[in-house]
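Residue numbers begin at 1 in each chain, while the letters A, B, ... track the order of the sequences.
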Amino acid sequence: MTKKGRVFSGARPTGRQHLGNYLGAIQNYVALQKEYDCIYCIVDVHALTTLETTRDIKNNTYEMALDWLAAGIDPRESIVFIQSHVPQVMELFTILSMVTPLGKLTDLPTFKEKVRMQPNNVNLGLVGYPVLMTADIVLYKADLVPVGIDQASHVEFARETVRSFNFRYNTSVLKEPDIKLTEVPKVIGTDGQQKMSKSLNNHIELALTPEETEKVVMTMVTDPARKRRSDPGNPDVCNVFSMHKVFSSPEEVAMINLECRRAGIGCVDCKKLFAKNLNAHLAPFRERRAALAQNPDDILDVLRDGERRARVIAEQTMAEVRDAIGLP
RNA sequence: AGGCCAGUAGCUCAAUUAGGCAGAGCGCCUGUCUCCAAAACAGGAGGUUGUGGGUUCGAUUCCUGCCUGGCCUGCCA
């Protein structure tokens, strides 16, 4: 079976995944497996640039891997592994950092944003974040990197870095990755305002029980203008309706779109229907997750097998890199 | 390496003048109200005051070792 090329993507170990992760990344990961050889990496070293404590990093890694596998990332199709388990990436990071102008890094908007977020912890690793990301991508000779528009500049940075390296050492060992711009739906959190994220505590975890799911869904912010049951609502400004568009049938979406506007359906019924549809959608996932969780060692085996396969590629690349540079 | 400044609730900061029960705003949780949510109101939780010693009847406050961060000076690569 020949596929169209190799995809690499990494995600920080954030623990149990939520609807934002699911719609924004995981579903895409699963779909890409059909057409591409995929490498999915849990980037624990990247996490160190912003983490104040590493207390939960092991468990978060495990929980995220569990969600990924339950969601359909297939370790027989794809390589799933932990970044720090293949230390060659650190070596390549160091080498690439020598061809990276500092100003280019500090000019990136994501860096400026991080400095605003954590002015007391502006470390070298944080500045070099895009360089490590580049190392991830090129160490595994990725052809394609699926990203949302906000991450596109980082892949563009990787391409430039590859060109710098290849030019500097008059070689072509490093592969310039193509950007695969993916349509990332903007998933708004339960507050109805900001992007869904664990740190904002406005998320809906995939692994909740149906009862817990309904409880969280009931707290979702709706159209603030609809104060009474008899008031007509505006689905266009209601995040519950956005969710319906993803998890409910076209008929149900049309019905809510009509009935909400003429106060034919209340928010409670609307939310209950969403919770029901979401629970139905996630039921197979939750079943698989529960089954996988029975044998934690199997998850670790998957990650070890991924490491083994990733190492083969990494070692090959590094041999070529050292040779191209002319290291003794 | 030396000098100076800072570290207090999840966040932003008070309280240190002259040692005397560690507080506010925002956020979070609960309740009232709402079809739900929001808003409003009421209530609640949250702290080894960076950390180890010392002085004292009593230390967030004074002395001191260390840790972390920032600014300045110097030294090495």
Side-chain angles (χ1 to χ4, degrees), chain A residues 12 14-16 18-20 47-57 59-60 94-95 97-102 105-106 111-129 186-205 208-248 252-253 255-280 327-328:
Chain A
R12 296 150 79 110
T14 51
R16 293 190 172 207
H18 54 68
L19 280 183
L48 298 179
T49 59
T50 53
L51 245 43
E52 61 294 331
T53 170
T54 53
R55 196 187 54 233
D56 300 325
I57 199 166
N59 192 246
N60 281 348
T94 304
I95 287 167
S97 70
M98 310 308 179
V99 298
T100 305
L102 194 53
L105 292 170
T106 53
F111 173 71
K112 293 176 183 169
E113 173 65 18
K114 290 291 179 189
V115 171
R116 271 196 298 277
M117 295 291 287
Q118 49 180 62
N120 291 338
N121 186 18
V122 182
N123 55 75
L124 176 59
L126 188 68
V127 183
Y129 190 109
K186 193 172 183 190
V187 183
I188 302 297
T190 54
D191 58 5
Q193 297 279 333
Q194 295 167 279
K195 195 174 121 178
M196 184 177 288
S197 85
K198 194 175 181 175
S199 57
L200 289 172
N201 194 28
N202 65 357
H203 61 305
I204 303 174
E205 274 182 17
L208 294 178
T209 65
E211 294 74 28
E212 289 168 335
T213 303
E214 185 175 303
K215 206 175 153 200
V216 176
V217 166
M218 290 310 286
T219 70
M220 287 177 72
V221 173
T222 59
D223 174 7
R226 193 179 184 192
K227 293 188 170 58
R228 298 172 202 290
R229 172 66 178 81
S230 54
D231 293 337
N234 179 7
D236 298 333
V237 300
C238 181
N239 189 34
V240 180
F241 185 63
S242 314
M243 291 296 190
H244 271 295
K245 286 195 245 181
V246 180
F247 293 101
S248 300
E252 287 169 323
V253 172
M255 182 273 288
I256 290 163
N257 192 27
L258 177 70
E259 297 298 334
C260 176
R261 286 179 204 280
R262 65 180 191 195
I265 183 176
C267 293
V268 170
D269 290 330
C270 176
K271 285 176 173 177
K272 289 219 157 121
L273 181 61
F274 165 52
K276 176 170 158 280
N277 290 341
L278 178 60
N279 282 327
L327 292 172

[atom1] spacing across the pair [N] / [M], given as an integer number of angstrom:
{"N": "G50(B)", "M": "G7(B)", "atom1": "C1'", "result": "6 Å"}
{"N": "C29(B)", "M": "G65(B)", "atom1": "C1'", "result": "41 Å"}
{"N": "G53(B)", "M": "A59(B)", "atom1": "P", "result": "13 Å"}
{"N": "A37(B)", "M": "G46(B)", "atom1": "P", "result": "26 Å"}
{"N": "C76(B)", "M": "A1(B)", "atom1": "C1'", "result": "11 Å"}
{"N": "U8(B)", "M": "U60(B)", "atom1": "C1'", "result": "7 Å"}
{"N": "C62(B)", "M": "U17(B)", "atom1": "P", "result": "7 Å"}
{"N": "C11(B)", "M": "G27(B)", "atom1": "C1'", "result": "7 Å"}

**OP:** For K227(A) and for V221(A), find the nucleotide of RNA chain B with the closest heavy atom, then tell me which residue's nucleotide is more 5'.
**Re:**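 Its nearest nucleotide being more 5', the pick is K227(A).
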**OP:** Select from N201(A) and M220(A) the residue whose nearest nucleotide in RNA chain B is closer to the 5' end of that strand.
**Re:** N201(A)
Original post:
After noting the C-alpha distance and the side-chain angles of R261(A) and D236(A), does the key distance pass the salt bridge (charged side-chain N to carboxylate O under 4.0 Å, His left out) rule?
Top reply: CA-CA 10 Å; R261(A) 286 179 204 280; D236(A) 298 333; 3.1 Å; yes
**OP:** Could you walk me through whether M218(A) and V268(A) pass the side-chain contact (heavy atoms from CB on, under 4.5 Å) test, one step at a time?
**Re:** CA-CA 7 Å; M218(A) 290 310 286; V268(A) 170; 3.9 Å; yes
**OP:** Would you indicate what T222(A) reaches in the nucleic acid, counting non-hydrogen atoms under 4.0 angstrom: base, sugar-phosphate, or nothing?
**Re:**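 Base contact.
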**OP:** Could you check whether D223(A) gets within reach of a base, just the sugar-phosphate, or nothing at all, counting any heavy atom under 4.0 Å?
**Re:**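 If one applies the 4.0 Å heavy-atom cut-off, D223(A) turns out to touch a base.
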**OP:** Among residues two or more places apart or on two chains, list those pairs meeting ring pair (Phe, Tyr, Trp, His ring centres under 6.0 Å) that have a residue in residues 217-244 of chain A.
**Re:**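 Checked against ring pair (Phe, Tyr, Trp, His ring centres under 6.0 Å) - neighbours excluded - the pairs reaching residues 217-244 of chain A are H244(A)-F274(A).
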Subject >> Donor-acceptor side-chain pairing of E252(A) and N277(A) below 3.5 angstrom >> reply: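 There is such a pair between these side chains.
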**OP:** State, yes or no, whether a side-chain contact exists between M220(A) and T190(A) at a heavy-atom distance under 4.5 Å.
**Re:** yes
Original post:
Hey, does L278(A) have a side-chain heavy atom less than 4.5 Å from the side chain of M243(A)?
Top reply: no
Subject >> All side-chain hydrogen bond (donor to acceptor under 3.5 Å, both in side chains) counterparts of T14(A), not counting sequence neighbours >> reply: Q17(A)
Original post:
By side chain to side chain contact (heavy atoms under 4.5 Å, CB included), which residues pair with S242(A), not counting sequence neighbours?
Top reply: N239(A)
**OP:** Give me the first and last nucleotide of RNA chain B, going 5' to 3', that has any atom under 4.0 Å from a heavy atom of chain A.
**Re:** U34(B) to G69(B)
**OP:** Only pairs at least two apart or in different chains count here, so list each side chain to side chain donor-acceptor pair (under 3.5 Å) that has a residue in residues 215-233 of chain A.
**Re:**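 Every pair satisfying side chain to side chain donor-acceptor pair (under 3.5 Å) with a residue in residues 215-233 of chain A: there are none.
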**OP:** Using a 3.5 Å limit on both pairing distances, list the dot-bracket string of RNA chain B from the 5' end; Watson-Crick and G-U wobble pairs count, crossing pairs take [ ], interstrand pairs take |.
**Re:** (((((((..((((......[..)))).(((((.......))))).....(((((..]....))))))))))))....
